[in-house]
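Chain A is the first sequence line, chain B the second, and so forth, proteins listed ahead of strands; every chain is numbered from 1. Nothing here was measured: the structure is a model prediction, and the numbers come from that model.
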Amino acid sequence: MTMLVLCDHDRGTLADASLEALTFGRDLAAAAGVSCEAVVIGKGAEGAVGQLAAYGAAVVHLASHDVLTDFGPEAWGETLAQLVASCGASVVTACGTDRGNEVLAQLAARLDEPFVANCREVDPSGDTWSLTRVQWGGSLLEDATLTADHKIVSVAHHVVEAAPASEPAAGTVAAFSPDLDASLARTVVTDRVVLSRGITLSTAPVVVGGGRGVGSAEAFAPLEELAAELGGVVGCSRAVTNNGWRPHSDQVGQTGTRIAPQVYIASGISGAIQHWVGAMASKHILAINTDREANIVTRADWAVIADLHKVIPAITEEIRRRRG
Amino acid sequence: MRILVCVKRVPAPGAKINITADGRAVDTAHLGFTTSPHEECAVEEAVQIAEAHGGEVTVLTLGPAEAEEQLRYAASVGAHSLVLVPIEEVDWDPQRTAAALTATISGIEAAEGAFDLLLFGNESADAGGFQVGVRVAHALGRPIVNGIKGIDVGDGSVTARREIDGGFEVYEVPTPAVLGVKEGINLPRYPTMKGRLASKKAALVTIEQSTEAGGQLRERLHRPVEQVSETVILGEGPEAAAAVVDVLEELGVLA
Ligand SMILES: Cc1cc2nc3c(=O)[nH]c(=O)nc-3n(C[C@H](O)[C@H](O)[C@H](O)COP(=O)(O)OP(=O)(O)OC[C@H]3O[C@@H](n4cnc5c(N)ncnc54)[C@H](O)[C@@H]3O)c2cc1C
Ligand SMILES: Nc1ncnc2c1ncn2[C@@H]1O[C@H](COP(=O)(O)O)[C@@H](O)[C@H]1O
């Protein structure tokens, strides 16, 4: 019996998420008593074989076809469905990234099987599996059971720490040529637009966040200044984007960006659960709020209980004073 | 353009999500309800497309009878017709939901003609199954791309932009097409008084579906264990700035 782990790569360099999926997959395969095999789709994947073996792939299926020149959810899902049939796989997994979840959903639709997205734990003993998955973007967990001939599950991103296997697996290369209809090209990427290369909200070492308490678009200027002083960026809550004060690309939370800075300075933000799930991976949190009982204050490492409009400029000034 | 948007009614919790005693559902005793944010943007996008190119927007939900509230809200911001698939349970599993939505859409199309565009949210805010739209599109034999943050309507196709790290991927999808939309594609409008009044009169059709349960079964909801931290109060006014900068220095972010 076989488990397939869908791995994504960019010209031969594996995404971190793929290594998480393999780390998760090889343990699950061992517990389920099946062989752990990787699938990489598209050209240029040959360079990734060694790394896939190191992370536990007994076989590396390299799928190629004219339609697979770039990412396409339907073509990828169809390729996976054909490979499942040809190698008799009973389990398929991937990391719960946008692509991972989308392609597994495509696979599940084609096989008419359930698909359980964003699992944290999977117990594969027995015909019916027990698992724990993420709901509400991480604010809530769901215990569920899975009954299916083909078990299709994704592992929530950042839940498993990627680590090589204690001993590398064989990594035997197996070429796979799916039979794809040219019409599947209808959902293949036709172009890419690069917008920014600098620090982004998800990678910034410092995020200065502002919420409804900031009051207006103009009132974000002092937050911008402090962020610039600290080599960071400005983030915000959904109350702010809903008011049109900042673009949605600045939004932290369940339907925005997940941040993980060294420090998150959250000002004028109450810390609703949907905001918190986007901020909780921050190493440290400093809250500035007039309300001592605000949720973000009780969850922060440090807090200043005061008007952000007075505190933020004072912090910037103090930094400049010390720098001389 | 004939456009259909699928939306889901979800509770709107604040600081934390409470769960019912039997662990089966979110305790909604003291909560309001809303439309999943991605889907609220999908409705706005559909209305904008209809305004720009002419057309009609239908909004479809599967949920309790109270989900009429979310359908009326969609009408108050510009949707033309409303369809409710009533269910008794708190929620249906993704396969079952998708089968019921597919049957409903097929039924409407058989009677009134095909939709050019079906819009879904990228994922529902509560269950987050990441699949209902994909299943419906596959069952109808239509193309679908998820994660969409920009749509341009062309002649016989739509150009869709999907957000990736530091940029966009572009897709040219022939219509009839299906897209999974993300919040940020637009800024949803607030209902006007006129819109609110009109929404009360908008036609609402109820269509029963009885599809079979899928292979994923919910047992219990619970909250993740949280680390409790002791909050150090650095001060109660701008004079706290020195203490704040001490902390930043200690963290090494001043370098
Ligand atoms: C399904 C769903 C998804 C959501 N996704 C997100 C998401 O991704 N991100 C997100 O942020 N929200 C999200 N929300 C919205 C969320 O529930 C909250 O409504 C939102 O986060 C509140 O924003 P806020 O903290 O800025 O505003 P409020 O809750 O109004 O808080 C304002 C805070 O500012 C403080 N304040 C006021 N004036 C001052 C001052 N002068 N100085 C200092 N402090 C002051 C107040 O004490 C208060 O704590 C989502 C909601 C739902 C239902
Ligand atoms: N009960 C429902 N009624 C209408 N649409 C739904 C329902 N559940 C899910 N959807 C649609 O399918 C999308 C994906 O849902 P999910 O697979 O649960 O993440 C949502 O964003 C909605 O557009």
side-chain contact (heavy atoms from CB on, under 4.5 Å) between V193(A) and V170(B), intermediate numbers included: CA-CA 8 Å; V193(A) 182; V170(B) 183; 4.1 Å; yes
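- The parts of N242(A) that come within reach of chain B are both its backbone and its side chain, each placing non-hydrogen atoms under 4.5 angstrom from that chain.
- Other residues, nucleotides and ligands contribute only 12 or fewer heavy atoms inside 6.0 Å of the CG atom of D16(A).
- For E212(B), the CD atom is loosely surrounded, since the number of other residues' heavy atoms within 6.0 Å does not exceed 12.
- Contacts with chain A were tallied for E163(B), E236(B), E172(B); E236(B) has the most, counting heavy-atom pairs under 4.5 Å.
- For a residue to count as touching a neighbouring chain, one of its non-hydrogen atoms must lie under 4.5 Å from one of that chain's; by this rule I164(B) touches chain A with the side chain only.
- The side-chain heavy atoms of L254(B) and I319(A), taken from C-beta on, include a pair separated by under 4.5 Å.
- Taking both residues in full, the closest heavy atoms of I273(A) and A15(B) are given as CB-O, 3.5 Å, listed atom of the first, atom of the second, then distance.
- Within 6.0 Å of the CD atom in E121(A), the count of heavy atoms belonging to other residues, nucleotides or ligands does not exceed 12.
- Between Q262(A) and L251(B), the shortest heavy-atom contact is NE2-O, 3.7 Å.
- When heavy atoms are compared at a cutoff of 4.5 Å, V116(A) approaches chain B by way of both its backbone and its side chain.
- Each of E229(A), E113(A), M280(A) has some count of heavy-atom pairs under 4.5 Å with chain B, and the biggest count is that of E113(A).
- Within the 4.5 angstrom heavy-atom criterion, no atom of A185(A) approaches chain B.
- Within the 4.5 angstrom heavy-atom criterion, atoms from both the backbone and the side chain of D191(A) approach chain B.
- Each of R186(A), E102(A), E74(A) was scored for a side chain to side chain contact (heavy atoms under 4.5 Å, CB included) with V145(B), with one residue passing: E102(A).
- Y171(B) is not listed as a side-chain neighbour of T190(A), based on a closest heavy-atom distance of 4.5 Å or more.
- No other option in T145(A), I285(A), T316(A), N101(A) has as many heavy-atom pairs under 4.5 Å with chain B as T145(A).
- Note: K310(A) NZ to E239(B) CD = 10.5 Å, rounded to the nearest 0.5 Å.
- When heavy atoms are compared at a cutoff of 4.5 Å, R110(A) approaches chain B by way of both its backbone and its side chain.
- Legend: residues meeting side-chain contact (heavy atoms from CB on, under 4.5 Å) with S106(B), ordered by chain and number and at least two apart, are T102(B), L140(B).
- For the set T241(A), T147(A), L140(A), T203(A), the entry with the most heavy-atom pairs within less than 4.5 Å of chain B is L140(A).
- Neither the backbone nor the side chain of R96(B) comes within less than 4.5 Å of any heavy atom of chain A.
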Can I315(A) and V245(B) be said to form a side-chain contact (heavy atoms from CB on, under 4.5 Å), step by step? CA-CA 7 Å; I315(A) 297 171; V245(B) 180; 4.0 Å; yes
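- Atoms CG and CD1, on L234(B) and I305(A) in that order, are 9.5 Å from each other to the nearest 0.5 Å.
- Comparing H284(A), R299(A), Q106(A) by heavy-atom pairs within less than 4.5 Å of chain B, the highest count is held by R299(A).
- At a 4.5 Å heavy-atom cutoff, the contact between E249(B) and chain A is made by side-chain atoms alone.
- With salt bridges taken as basic N to acidic carboxylate O contacts below 4.0 Å, one links R322(A) and D246(B).
- Only the side chain of R162(B) comes within contact range of chain A, judged by heavy atoms closer than 4.5 Å.
- Contact check for K182(B) versus D98(A): side-chain heavy atoms found under the 4.5 Å cut-off.
- Around CG of D22(B), the count of heavy atoms belonging to other residues, nucleotides or ligands within 6.0 Å exceeds 12.
- Contact of V247(B) with chain A is made through the side chain alone, with heavy-atom distances under 4.5 Å.
- With rounding to the nearest 0.5 angstrom, the CD atom of E183(B) is 4.5 Å from the CZ atom of R238(A).
- Contacts between E169(B) and chain A at a heavy-atom distance below 4.5 Å involve backbone atoms as well as side-chain atoms.
- Closest of all the heavy-atom pairs between T298(A) and T231(B) is O-OG1, 3.3 Å.
- Heavy-atom pairs under 4.5 Å with chain A were tallied for R223(B), K16(B), H38(B); the largest tally goes to H38(B).
- Looking at D307(A), there are no atoms closer than 4.5 Å to chain B (heavy atoms on both sides), in backbone or side chain.
- Here the CZ-CZ distance, from R192(A) to R161(B), works out to 15.0 Å after rounding to the nearest 0.5 Å.
- Contact count versus chain B (heavy atoms, under 4.5 Å) is highest, among V311(A), T187(A), V194(A), L146(A), for T187(A).
- Considering only heavy-atom pairs separated by less than 4.5 Å from chain A, the leading option among S229(B), G215(B), A241(B), G167(B) is G215(B).
- The neighbour count for N243(A) CG, taken as heavy atoms of other residues, nucleotides or ligands under 6.0 Å away, is above 12.
- Taking CD of Q95(B) as the start and CZ of F115(A) as the end, the distance is 11.5 Å to the nearest 0.5 Å.
- Here G237(B) is the residue among G180(B), S157(B), S36(B), G237(B) with the most heavy-atom pairs under 4.5 Å with chain A.
- In this structure, the portions of A125(B) lying under 4.5 Å from any heavy atom of chain A include both its backbone and its side chain.
- Scanning residues 127-139 of chain B against chain A with a 4.5 Å heavy-atom cutoff picks out A127(B), G128(B), G129(B), F130(B), Q131(B), V134(B), R135(B), H138(B), ordered by number.
- For W129(A), no part lies under 4.5 angstrom from a heavy atom of chain B.
- Interface check for chain A: of the options D126(B), L221(B), L248(B), the most heavy-atom pairs under 4.5 Å are formed by D126(B).
- Chosen from L230(A), D143(A), I296(A), the residue pairing most often with chain B at heavy-atom distances under 4.5 Å is D143(A).
- Only the side chain of S202(A) comes within less than 4.5 Å of a heavy atom of chain B; its backbone N, CA, C and O stay farther away.
- Contact between W136(A) and P13(B) at its shortest, heavy atoms only, is CH2-CD, 3.7 Å.
- When G147(B), P224(B), G214(B) are compared by the number of non-hydrogen pairs under 4.5 Å with chain A, P224(B) comes out ahead.
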